[in-house]
A.B. asks: 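Attaching a single structure in structure tokens format; questions to follow.
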Amino acid sequence: MAAEATTTKFQNPADFRPVPQPPDFHPEISVTESQHDGLHFWQFMIAGSIAGSVEHMSMFPIDTVKTHMQAIRSCPIQSVGVRQALKSILKTEGPSGLYRGIGAMGLGAGPAHAVYFSVYEASKKFFSGGNPNNSAAHAVSGVFATVASDAVFTPMDMVKQRLQLGNNSTYTGVRDCIKKVLREEGFGAFYASYRTTVLMNAPFTAVHFATYEATKRGLSEISPEIASDESLIVHATAGAVAGASAAVITTPLDVVKTQLQCQGVCGCDRLKSSNIRDVIQTIVKKDGYRGLMRGWIPRMLFHAPAAAICWSMYEAGKTFFQELNGNSDGSIIT
């Protein structure tokens, strides 16, 4: 009887009352397929473009030192040491020598990073399956991003490195370098290092993004009060750790890339083959296995603060656009 009474007690439809919705419920808020993390992908492109340009331009002198160190003995810079390389550049060309090629960097970094971050965000959305802590998705997305961005950046990177090594009698500027390379070596010279660059940047980016996301997550777990709103210090620290780790691991391929891009410039030997294995053998024959690690210190010194700057500015840009869109929690009012 008790069971029957319980059953009949809820037979009356009047006993069913709608559950009141919480006051902050907004059914008009939704995220369309063209949006991710509360942003349109053109907004990712702008944030990434600004972040990448500031990153590379601010760290450019260190990149110049690294390029000179990796140009294996044939060029005026003979020493492997950072201090000696810096002194030699200053003695030969003065402080302005540290900024030769920065125009090419300015032309290439913005568009390349716009592609880089927008492809990364699109790939992360596709591969993560709704799991923001999926490190494998972060790594794979990074690889897709670098393949796309390197196609944009490699020609200007080649011009940049040649200007970094050459004196005024070799190339007078970006336009002169492009004209001479097209006339003397053909269009293919701009992409001579593309395969090597992708092979270098694919593991670099995989390590970089996976380390960045993991470090950011670890900092949040260690100190939730600091990382509660993903503050500047979290992005900067995670970016620095990711940049330094990825830079050291991929230095040998970066040396190969420099050799391919700078061959025939400032006394550097012209390579008989662009095959990566052949270039590695040439480097080892000239300078031993230590030649494959030339420039690892300035490379690490470049990428640690550069990544910290880039990620901080990129995340700040995302926050700006989220607030501009009228919502800071990742959704878009439509």
Side-chain angles (χ1 to χ4, degrees), residues 36-39 43-59 62-63 109 112-114 116-125 127-128 130-146 149 200-251 296-323 328-330:
H36 171 59
D37 280 356
L39 300 182
Q43 293 173 322
F44 285 120
M45 295 181 74
I46 292 176
S49 177
I50 294 173
S53 296
V54 173
E55 166 202 0
H56 283 284
M57 304 286 269
S58 61
M59 303 303 298
I62 296 177
D63 184 64
H113 279 76
Y116 187 85
F117 280 106
S118 58
V119 171
Y120 173 69
E121 295 290 353
S123 300
K124 186 172 70 170
K125 178 185 178 183
F127 290 113
S128 64
N131 177 13
N133 297 327
N134 189 336
S135 296
H138 299 151
V140 172
S141 300
V143 173
F144 274 84
T146 197
S149 66
M200 173 186 71
N201 283 340
F204 177 93
T205 310
V207 172
H208 186 111
F209 277 107
T211 303
Y212 172 76
E213 299 284 0
T215 304
K216 189 172 68 172
R217 188 166 61 250
L219 290 171
S220 300
E221 294 173 355
I222 293 172
S223 183
E225 65 279 3
I226 295 179
S228 59
D229 60 346
E230 293 194 351
S231 62
L232 176 64
I233 190 172
V234 173
H235 296 302
T237 303
V241 172
S245 302
V248 174
I249 292 173
T250 57
T251 293
W296 75 269
I297 293 177
R299 181 168 163 78
M300 185 180 68
L301 291 175
F302 174 93
H303 282 286
I309 293 169
C310 186
W311 278 111
S312 298
M313 293 205 64
Y314 177 61
E315 297 292 351
K318 286 173 61 178
T319 301
F320 169 78
F321 280 120
Q322 285 172 346
E323 293 176 352
S328 60
D329 62 1

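Since the model is a prediction, treat every value here as computed from it, not as a measurement.
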A.B. asks: What is the minimum heavy-atom distance between Met45 and Ser118, and which atoms define it?
C.D. replies: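 Nearest pair, atom of Met45 first, then Ser118: CG-CB, 3.4 Å.
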
A.B. asks: Ignoring hydrogens, what is the shortest heavy-atom contact between Gly52 and Ala109? Give both atom names and the distance.
C.D. replies: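 In this case the closest contact between Gly52 and Ala109 is O-CB, 4.1 Å.
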
A.B. asks: Parallel, tilted or perpendicular, judged at 30° and 60°: which one describes the rings of Tyr314 and Phe117?
C.D. replies: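 Judged by the thresholds at 30° and 60°, the geometry between Tyr314 and Phe117 is parallel.
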
A.B. asks: If you round to the nearest 0.5 Å, how far is CZ of Arg299 from CG of Asp63?
C.D. replies: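 Going from the CG atom of Asp63 to the CZ atom of Arg299 covers 9.5 Å.
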
A.B. asks: Shortest non-hydrogen contact from Thr250 to Pro203?
C.D. replies: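 Looks like CG2-CG, 4.3 Å.
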
A.B. asks: If you look at every heavy atom in Ala307 and Gly243, which pair is closest and at what distance?
C.D. replies: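 Heavy-atom minimum between the residues: CB-CA, 4.0 Å.
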
A.B. asks: First locate atom NZ of Lys216, then atom OG1 of Thr237, and finally report the distance between them rounded to the nearest 0.5 Å.
C.D. replies: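 Reported value, rounded in 0.5 Å steps: 12.5 Å.
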
A.B. asks: How long is the straight-line distance from SG of Cys310 back to CD of Glu315, given to the nearest 0.5 Å?
C.D. replies: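 If we round to the nearest 0.5 Å, Glu315:CD and Cys310:SG are 10.0 Å apart.
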
A.B. asks: Tell me if the centroids of the rings in His208 and His303 come within less than 6.0 Å of each other.
C.D. replies: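 So the answer is no for these two rings.
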
A.B. asks: Can you name the nearest heavy-atom pair linking Thr211 to Ala242, along with the distance?
C.D. replies: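 Taking Thr211 first and Ala242 second, the nearest heavy atoms are CG2-CA, 3.8 Å.
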
A.B. asks: With distance as the sole test, does Ser53 use its side chain to make a donor-acceptor pair with the main-chain N or O of Ser49 at under 3.5 Å?
C.D. replies: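 Checking the backbone N and O of Ser49 against the side chain of Ser53, a donor-acceptor pair under 3.5 Å is found.
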
A.B. asks: Could you give the distance from OG (Ser149) to CZ (Phe144), rounded to the nearest 0.5 Å?
C.D. replies: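 Rounded to the nearest 0.5 Å, the OG-CZ separation comes to 13.0 Å.
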
A.B. asks: Would you give the length of the straight line joining atom NE2 of His56 to atom CD1 of Ile309, rounded to the nearest 0.5 angstrom?
C.D. replies: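 His56 NE2 to Ile309 CD1: 10.5 Å, rounded to 0.5 Å.
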
A.B. asks: Search all heavy atoms of Met313 against all heavy atoms of Ile50 and return the closest pair with its distance.
C.D. replies: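 In this case the closest contact between Met313 and Ile50 is CE-CG2, 4.0 Å.
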
A.B. asks: Working to the nearest 0.5 Å, report the span between NE2 of His138 and OH of Tyr120.
C.D. replies: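 Between atom NE2 of His138 and atom OH of Tyr120 there are 4.5 Å.
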
